[in-house]
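Structure first, commentary second.
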Amino acid sequence: MMPAAQQPESGAGGIIKLAILAVGGQGGGVLTGWIEALARANGYAAQATSVAGVAQRTGATVYYVEMAPAGERDPVFSLMPAAGDVDIMITAEMMEAGRAIMRGLVTPDRTVLITSTHRALAVSEKMVPGDGIASSEEVLAAAEIAARRLICADFDAMAVQKGSVISATLFGALGGSGALPFPREAFEDAIRAGGKGVEPSLRAFAAGFEAAQSGAATGAAAQTPDAAPAPADDAPVRGPDRLLRDWQALVARLDALPAAARDMARRGLEKTVDFQDLAYGAEYLDRLDSLRDRDPGDGSLLVEAAKYIANAMSYDDIIRVADAKTRTGRSSRIEAEMGVRQGQVMQVTEFLHPRAEEVVSMFPARMGARWMDNPRRMRWVERLAGGGRRIRSDGMIGFGVLYLLGGAKGWRRRTLRHAQEQAHLDAWLTRVRAAPCPEVAIELLRNQRLIKGYSDTHARGQSKFDRVMHGASLVETREDGADWIRRLREAALLDEKGEALDGALQTVRSFA
């Protein structure tokens with residue numbers, strides 16, 4: 001028998017009210033069907049409704065189930081959940097739990113909240129140029145206050161481990177919570193009655209059921225996805241003896257750096273050598289050495305320099321994009337993410353949409369500069385490249401084209417794009433070396449964070465970088481200059497259009 005304390009505090013007429021928030025692909029409809037079938041198979045009248053949310057993770061579908069013991073008179077059910085009137089709330093993602101709390105659907109007097117702690121980022125989170133990810137810890141803290149009882153765990157990871165989807169583990173958590181007056185066997189019978197993917201669903205159900213009953217996934221003890229993963233072990237470097245000797249010579253140069261900067265510099269060296277070659281790695285160390293006299297002695301400036309110089313030197317061009325799409329292990333990773341089983345065939349179609357500027361940037365530097373200055377030629381290139389291209393990278397021809405492009409590292413140094421990136425690097429580091437103090441130099445180094453990505457994303461980032469560096473020139477000699485440069489950069493990272501940066505620059509101009 002189920003403890004009486006775990007019984008839902010049902011509303012008028014003994015009606016149990018259950019709501020589910022889920023987005024596409026999380027099986028919200030399947031979960032709702034199981035719950036409705038469970039209720040009816042156990043002598044309850046039940047009604048299920050749903051209202052679709054907006055696509056692209058800006059809104060979840062709301063599924064709503066009401067059930068009551070069958071009697072002589074049919075109960076009158078509502079079509080949608082109301083604030084303060086929900087017995088059980090199930091959310092298939094952490095931020096959906098936050099939205100349910102904000103809408104008043106979770107209350108401490110009656111609601112059992114079952115939620116997965118994993119994250120499926122919303123478009124609004126992805127659009128922020130900086131870190132726009134909402135805090136799961138804040139949602140978890142609010143949930144502990146708002147819910148009568150909280151059950152939370154990474155139910156998505158549990159489901160994947162069992163070869164199923166999150167709807168099955170959430171159904172298991174519902175069964176293990178004791179929030180419905182039905183035995184475990186009745187839940188399992190509802191899954192069997194569905195007739196599809198029964199065995200994987202039952203395994204996932206069992207995992208969710210045990211997690212809910214163990215108590216390890218309940219309350220503040222539950223792990224949130226914000227926890228930092230343990231660092232992976234560095235892979236050994238392999239290659240011909242001659243190249244390994246040259247690599248070890250580069251690694252030996254790291255010993256001349258302050259101890260605090262060596263680990264970051266080692267990672268930067270690996271990144272730049274992987275991007276191009278050993279000679280490029282030597283150039284990276286030369287640029288790092290040129291800033292040693294600007295370090296205050298504790299390695300703080302060189303740590304930032306090691307990170308951001310490596311990022312700037314490893315820019316995204318057509319060669320790097322093609323190389324990333326043909327790397328060893330990529331196909332296996334995609335198969336694992338998609339859950340491809342033995343005997344199934346997976347097809348991968350790449351969508352490439354380089355702008356005319358990206359195409360011309362692969363020309364020889366002088367030729368590319370002439371073409372870039374010729375509007376008629378650029379329009380012609382745009383017509384040829386416009387609309388993007390779809391390439392099947394799982395096929396021999398598509399993969400071969402991408403593989404040849406990705407292997408064209410020897411051509412990279414001759415291109416217009418490389419010349420542009422080197423000019424940017426030299427101008428940026430000249431500003432850093434001329435900074436009035438180490439604190440300002442560090443903030444100028446960190447401005448490189450604004451530049452990332454490919455195509456339009458890179459162009460927007462470059463524009464913001466230039467504007468922030470201009471604003472920095474107005475304040476860098478002030479006593480609080482470093483703080484103002486940081487504020488400008490943070491404003492630039494707040495929104496894609498740069499409206500916050502416009503306001504920050506106006507403030508700087510008002511007193512500069």
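The first residue in the sequence is number 1, and the count goes up from there.
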- Message: Test side-chain contact (heavy atoms from CB on, under 4.5 Å) on I318 and L352; report intermediate values, then the result.
- Response: CA-CA 10 Å; I318 290 176; L352 306 175; over 6 Å; no

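- Smallest separation of non-hydrogen atoms from D298 and S300: OD1-OG, 2.8 Å.
- The closest side-chain heavy-atom distance from L180 to M67 is below 4.5 Å.
- In this structure, CG on L113 lies 10.5 Å from CD on E144, to the nearest 0.5 angstrom.
- Between Y403 and F399, the two ring planes are parallel [angle under 30°; tilted spans 30° to 60°].
- Ring planes of Y44 and F182: perpendicular class, angle over 60° (limits at 30 and 60°).
- Expressed to the nearest 0.5 Å, how far CD of E358 lies from CG of D317 amounts to 9.5 Å.
- Between the R40 side chain and the A46 main chain, a donor and an acceptor come within less than 3.5 Å of each other.
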- For L202 and R192, what are the C-alpha separation, side-chain angles and deciding distance, and is it a side-chain contact (heavy atoms from CB on, under 4.5 Å)? CA-CA 8 Å; L202 287 174; R192 293 188 184 97; 4.0 Å; yes

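- Two residues are said to be in side-chain contact when any heavy atoms from C-beta on lie closer than 4.5 Å; T91 and S116 fail this criterion.
- Side-chain atoms of V273 and W247, non-hydrogen and from C-beta on, do get closer than 4.5 Å to each other.
- Counting heavy atoms from C-beta outward, Q47 and L79 have side chains that approach closer than 4.5 Å.
- Using a 4.0 Å cut-off between charged side-chain N and carboxylate O, R99 and E96 make a salt bridge.
- Of the possible donor and acceptor atoms, none in the side chain of Y315 sits under 3.5 Å from a partner among the backbone N and O of I451.
- When atom types are taken as modelled, the side chain of R446 and the backbone of R486 share no donor-acceptor pair closer than 3.5 angstrom.
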- Task: Applying side-chain contact (heavy atoms from CB on, under 4.5 Å), run through C152 and M94 and close with a yes or a no.
- Result: CA-CA 9 Å; C152 57; M94 197 65 186; 5.6 Å; no

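- Inter-residue side-chain proximity for M346 and S331 is flagged as met; some heavy-atom pair is nearer than 4.5 Å.
- Cation-pi geometry between R184 and F205 is not satisfied (NZ or CZ under 6.0 Å from the ring centre, within 45° of the ring normal).
- Interatomic distance, T117 OG1 to E137 CD, rounded to the nearest 0.5 Å: 11.5 Å.
- Salt-bridge formation is detected for the pair E350/R330: a Lys NZ or Arg NE/NH1/NH2 atom is positioned less than 4.0 Å from an Asp or Glu carboxylate oxygen.
- Closest heavy-atom contact between A48 and V65: CB-CG2, 4.1 Å.
- Contact of the S201 side chain with the F171 side chain is not registered, since no non-hydrogen atoms from C-beta on lie closer than 4.5 Å.
- Residue I88 is tested with I35, I20, L174 for a side-chain contact (heavy atoms from CB on, under 4.5 Å); the sole match is L174.
- Summarising the geometry, atom CE belonging to M80 is positioned 8.5 Å from atom CG belonging to L105; distances are rounded to the nearest 0.5 Å.
- Two residues are said to be in side-chain contact when any heavy atoms from C-beta on lie closer than 4.5 Å; D263 and R267 meet this criterion.
- The pair R460-D456 does not meet the salt-bridge criterion, since no charged nitrogen lies less than 4.0 angstrom from a carboxylate oxygen.
- No option in R148, R110, K17 other than R110 meets the salt bridge (charged side-chain N to carboxylate O under 4.0 Å, His left out) test with D87.
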- Query: When you look at K271 and N311, which way does the side chain to side chain donor-acceptor pair (under 3.5 Å) test go after all the steps?
  - Reply: CA-CA 8 Å; K271 185 172 186 174; N311 288 345; 2.6 Å; yes

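- The shortest heavy-atom contact between T61 and S50 is CG2-CB, 4.3 Å.
- Between L493 and L450 the shortest side-chain heavy-atom distance falls below 4.5 Å.
- Atom CD in Q248 sits 11.5 Å away from atom CG in D241 (nearest 0.5 Å).
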